[in-house]
Visitor: 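Quick one: structure below, then a few questions.
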Amino acid sequence: MNVIVADVLGMCFGVRDALEIIENIDQPERVTIHGELVHNEQVLDKLDRRGFQQTDEKGRHSLPLTDQVLITAHGISRRERQRLQAGGKTLIDSTCPLVARAHEAAQKLQAEGRHVIVIGKPGHVEVQGIVEDLHSFDLAPTPEHVKRYPHNRLGVMCQTTTPEPLAAAIRNEIKRLNPQADIRFIDTICLPTKEHQHALERMLDQVEGVVVVGGRNSNNTRQLVERCRERGLPAFHVQEAGDLDPNWFHGLENVGLTAGTSTLEETIRDVHQTLMHMSSAVAA
Ligand code: SF4
């Protein structure tokens, strides 16, 4: 069995910068991380061991007990920022600049008097942060959610980790069902997401199955898994090397390896090495 590694995979600069900020915090016990820093259980366990307080993503409405609050790479709404500051909290901001750009795009569309349609996953923290500052919006996670909107001016933007083909299908459906509307689209899909997806596409023609490494709750990891399955290939989603099962690979000659944007390099290395061992066992 050959293992083919995607030419772009793993951690993006947004997550790397957030980890660097957190690495340099001297007194972790005085800081609450407002939600999951990244959707990666190994990273969250490490932060726990260092002594950080961590608020559950669904429990962010209560005021953290520590004086310092770290905003994650997924960002928060302006409204939430004001609530924390009014509660006397000092904010340490690790919002990814590309998430901040998505917030600005939504605000710009709103300032132009448009009803904003956010292409994104309902309930995801990034999406939550964007829509909390909007007066008039709808969410469109799939083309099936698109409807005829009772507005003449529409603005469309995306969660940063949306696959490009999905965004294109939703845009087309918005146009089809709203021929009367003046529609403006701002592409807010982040470059690392696009590069990961393009690298996966290049690899898919060469393999019969793909191992995807990343957190269970990671949206971009799940999108990589879904793309493999859409192409009719088995996708094996693992969080670490110990999740790999040699039985998955019987009869496969070429297996691909990719990883989501919050996956640590050491985790990818472990998974790769374990796959190489399995591959020589299969060959023997
Ligand atoms: S996936 Fe994109 S938007 Fe999210 S942290 Fe990474 S670079 Fe930023």
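From a predicted model like this one, the values you see are computed outputs, not experimental measurements. In listed order, ligands and their atoms are each counted from 1.
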Visitor: Among Met157, His151, Lys108, find the one that has a side chain to side chain contact (heavy atoms under 4.5 Å, CB included) with Val116.
Guide: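 Of all the options given, the one that passes is Met157.
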
Visitor: Looking only at the side chains, is there a donor atom on one of Asn219 and His39 sitting less than 3.5 Å from an acceptor on the other?
Guide: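 No - no donor-acceptor pair under 3.5 Å links their side chains.
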
Visitor: For atom 2 (Fe) of ligand 1, check which protein N, O or S atoms are under 2.8 Å away and list them.
Guide: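 Near atom 2 (Fe) of ligand 1, the protein supplies Cys190 SG.
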
Visitor: List the atom pairs, with distances to 0.1 Å, where a side-chain N or O of residues 255-262 and a protein N or O form a donor-acceptor pair under 3.5 Å, not counting sequence neighbours.
Guide:
from: Thr261; atom 1: OG1; to: Asn220; atom 2: OD1; distance (Å): 3.4
from: Thr261; atom 1: OG1; to: Asn220; atom 2: ND2; distance (Å): 2.7

Visitor: Do the side-chain N and O atoms of Thr142 and His145 include a donor-acceptor pair separated by under 3.5 angstrom?
Guide: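 Side-chain D/A pair, Thr142 to His145: present.
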
Visitor: Given salt bridge (charged side-chain N to carboxylate O under 4.0 Å, His left out), test Glu104 with Arg101 step by step and report yes or no.
Guide: CA-CA 5 Å; Glu104 281 161 22; Arg101 197 188 62 167; over 6 Å; no

Visitor: If only atom types and distance count, is the side chain of Asn178 paired as donor or acceptor with the main-chain N or O of Lys147 below 3.5 Å?
Guide: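 At least one qualifying donor-acceptor pair exists.
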
